[in-house]
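Taking it in order: structure first as structure tokens, then the write-up.
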Amino acid sequence: MARTRMTVTGTPVGDVDLAVVTPVGTRRSHPLPLLLAHDGPEYSRRAHLLSVLRGATSDGRVAPTRVVLLEPGPRNERYAANPDWAQALTQHVLPAVRTAYASSGKPALMGASLGALASLQAEWLHPGTFGSLFLQSGSFFRKRVDDEEDFEFWHRVTAFVTNVRRVRRRRTDARVVMTCGTGEGNLANNRQMAQALAGSGHDVSLAEVPGGHDWRSWHSAFDPHLFDSLARETPR
């Protein structure tokens with residue numbers, strides 16, 4: 001896969017660095033499905049996202065996909081339920097990528113931990129932007145459920161999670177695929193988030209998988225859950 005670095009300037013959170021990874025043999029003008037990954041370099045290096053997708057493409061399980069590896073920058077500030085990051089991603093980063101590269105259908109968005117939280121918030125605040133969300137071990141913190149009160153953005157995160165739980169009507173048509181390890185602390189809040197989204201009419205599934213809150217476990221959950229999520233977005 002060919003990799004091209006980009007920097008998107010002038011966003012509400014400052015410059016956003018990323019790399020666009022395209023299957024070899026395709027051109028910028030070829031409209032391909034688009035997947036954006038929070039913590040993209042880590043997903044590539046530690047969870048082997050790109051090699052997994054290459055294998056799935058070779059096996060015909062997903063269409064050739066262009067992947068945007070988002071560098072986190074100041075990660076907690078950006079990913080912890082920050083509406084400025086949601087605006088930067090949807091109104092600045094995504095348009096810049098789609099101007100430079102042709103794409104087909106609505107893009108998919110993925111993330112783990114705070115990256116999963118940021119993914120949900122981006123579509124929640126800008127509904128209709130993404131066709132599917134792949135959320136791994138989301139940090140959907142709640143009072144009386146999670147012992148994370150010392151986290152610097154605790155109140156911002158819990159306020160957003162409470163807002164999602166209070167909604168009674170479907171806010172987005174995006175397919176939401178969630179995974180969470182059976183041995184990790186976020187399992188309870190992921191179960192509750194999945195129940196809340198289902199209760200308000202969203203298309204959501206939660207797969208409880210072996211493992212913990214780590215890259216190895218997230219890698220293991222790609223097959224079949226990420227593949228199923230991307231297959232939903234494959235043009236027909």
Side-chain angles (χ1 to χ4, degrees), residues 3-22 32-44 47 49-50 53 65-141 153 156-157 159-161 163-164 171-178 193 197 202 204 218 226 229-230 232-233:
R3 185 178 307 212
T4 303
R5 295 188 60 81
M6 290 179 58
T7 298
V8 181
T9 61
T11 85
V13 297
D15 294 353
V16 178
D17 295 319
L18 57 91
V20 181
V21 186
T22 301
L32 299 178
L34 188 64
L35 169 64
L36 288 80
H38 284 103
D39 294 306
E42 292 292 277
Y43 255 123
S44 175
L49 173 64
L50 300 180
L53 287 176
T65 299
R66 188 171 283 120
V67 182
V68 178
L69 302 176
L70 299 164
E71 295 191 13
R75 185 176 187 273
N76 289 357
E77 169 62 33
R78 287 182 175 181
Y79 288 4
N82 184 348
D84 287 342
W85 171 250
Q87 182 179 356
L89 181 61
T90 60
Q91 307 301 308
H92 296 263
V93 172
L94 182 56
V97 172
R98 298 186 88 168
T99 296
Y101 295 87
S103 62
S104 62
K106 290 184 178 181
L109 180 63
M110 67 183 291
S113 194
L114 286 175
L117 175 73
S119 297
L120 178 61
Q121 188 187 45
E123 175 64 17
W124 196 260
L125 297 183
H126 304 274
T129 302
F130 299 98
S132 65
L133 304 176
F134 184 63
L135 313 180
Q136 297 195 275
S137 305
S139 298
F140 305 123
F141 299 149
F153 300 111
R156 198 166 71 187
V157 172
F160 171 68
V161 171
N163 176 267
V164 173
R171 187 174 180 85
T172 171
D173 290 329
R175 166 67 173 158
V176 182
V177 176
M178 302 171 60
M193 177 59 76
L197 290 171
H202 293 86
V204 59
W218 297 328
L226 174 60
S229 176
L230 293 178
R232 292 286 192 105
E233 298 307 309

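Numbers here are sequence positions counted from 1.
Residues Gln136 and Tyr43 form a side-chain contact, since some pair of their non-hydrogen atoms from C-beta on lies under 4.5 Å apart. Between Val161 and Met193 the shortest side-chain heavy-atom distance falls below 4.5 Å. Within the 4.5 Å cutoff, side-chain heavy atoms of Phe140 are placed close to those of Met178. With contacts defined as side-chain heavy-atom distances shorter than 4.5 Å, the pair Leu36/Leu94 qualifies. Here the side chains of Val67 and Leu53 are in contact, with some heavy-atom distance below 4.5 Å. With contacts defined as side-chain heavy-atom distances shorter than 4.5 Å, the pair Glu123/Pro127 qualifies. When side chains are defined from C-beta on, Val68 does not count as touching Leu35, because their heavy atoms never get closer than 4.5 Å. Counting heavy atoms from C-beta on, the side chains of Leu114 and Leu117 come closer than 4.5 Å.
Contact record, Ser139 with Val157: O-CG1, 3.6 Å, taken as the closest heavy-atom pair. Summarising the geometry of Ser132 relative to Ala108, their closest heavy-atom pair is OG-CB, 3.3 Å, with the distance given to 0.1 Å. Of all the heavy atoms in Tyr79 and Ala118, the pair that sits closest is O-CB, 3.6 Å.
Screening Leu50, Leu18, Val20 against Leu69 for a side-chain contact (heavy atoms from CB on, under 4.5 Å) leaves a single residue, Leu50.
Distance check, rounded to the nearest 0.5 Å: CZ of Phe134 to CG of Leu109 gives 12.0 Å. From Arg66, atom CZ reaches atom OH of Tyr101 across 7.0 Å, with rounding to the nearest 0.5 Å. Within the model, atoms CG of Leu32 and OG of Ser104 stand 6.5 Å from one another, a figure rounded to the nearest 0.5 Å. Taken from OG in Ser119 to CG in Leu70, the straight-line distance is 8.5 Å, to the nearest 0.5 Å.
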Are Phe160 and Gln121 close enough, and set up right, to give a side-chain contact (heavy atoms from CB on, under 4.5 Å), and what steps lead you there?
-> CA-CA 8 Å; Phe160 171 68; Gln121 188 187 45; 3.7 Å; yes
Could you walk me through whether Glu77 and Phe153 pass the side-chain contact (heavy atoms from CB on, under 4.5 Å) check?
-> CA-CA 8 Å; Glu77 169 62 33; Phe153 300 111; 3.1 Å; yes
Just do the side-chain contact (heavy atoms from CB on, under 4.5 Å) check on Met110 and Leu135 with the steps written out, would you?
-> CA-CA 6 Å; Met110 67 183 291; Leu135 313 180; over 6 Å; no
Salt bridge (charged side-chain N to carboxylate O under 4.0 Å, His left out) assessment of Arg78 paired with Glu71 = CA-CA 11 Å; Arg78 287 182 175 181; Glu71 295 191 13; over 6 Å; no
Kindly indicate, with the supporting measurements, whether the criterion side-chain hydrogen bond (donor to acceptor under 3.5 Å, both in side chains) is fulfilled by Thr172 and Trp124.
-> CA-CA 7 Å; Thr172 171; Trp124 196 260; over 6 Å; no
Go through Leu34 and Thr65 one step at a time and tell me if the side-chain contact (heavy atoms from CB on, under 4.5 Å) criterion holds.
-> CA-CA 6 Å; Leu34 188 64; Thr65 299; 6.0 Å; no
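His202 places no side-chain N or O within 3.5 Å of a backbone atom of Asp173 that could act as its donor or acceptor partner. Between the side chain of Lys106 and the backbone N or O of Gly128, at least one donor-acceptor pair lies under 3.5 Å.
Listed by chain and number, the residues in a side chain to side chain contact (heavy atoms under 4.5 Å, CB included) with Ala88 are Thr11, Pro12, Val13, Trp85 (sequence neighbours excluded). Checked against ring pair (Phe, Tyr, Trp, His ring centres under 6.0 Å), His126 has no partners two or more places apart in sequence or in another chain. Under the salt bridge (charged side-chain N to carboxylate O under 4.0 Å, His left out) criterion, Arg3 pairs with no residue, sequence neighbours left out.
Checked for salt-bridge contact, Arg75 and Asp39 meet the test: a charged N lies under 4.0 Å from a carboxylate O.
Counting only N and O atoms by type, the side chains of Thr129 and Thr90 include no donor and acceptor under 3.5 Å apart. Looking only at atom types and distance, the side chain of Thr7 has a donor-acceptor partner in the side chain of Asp17 under 3.5 Å away.
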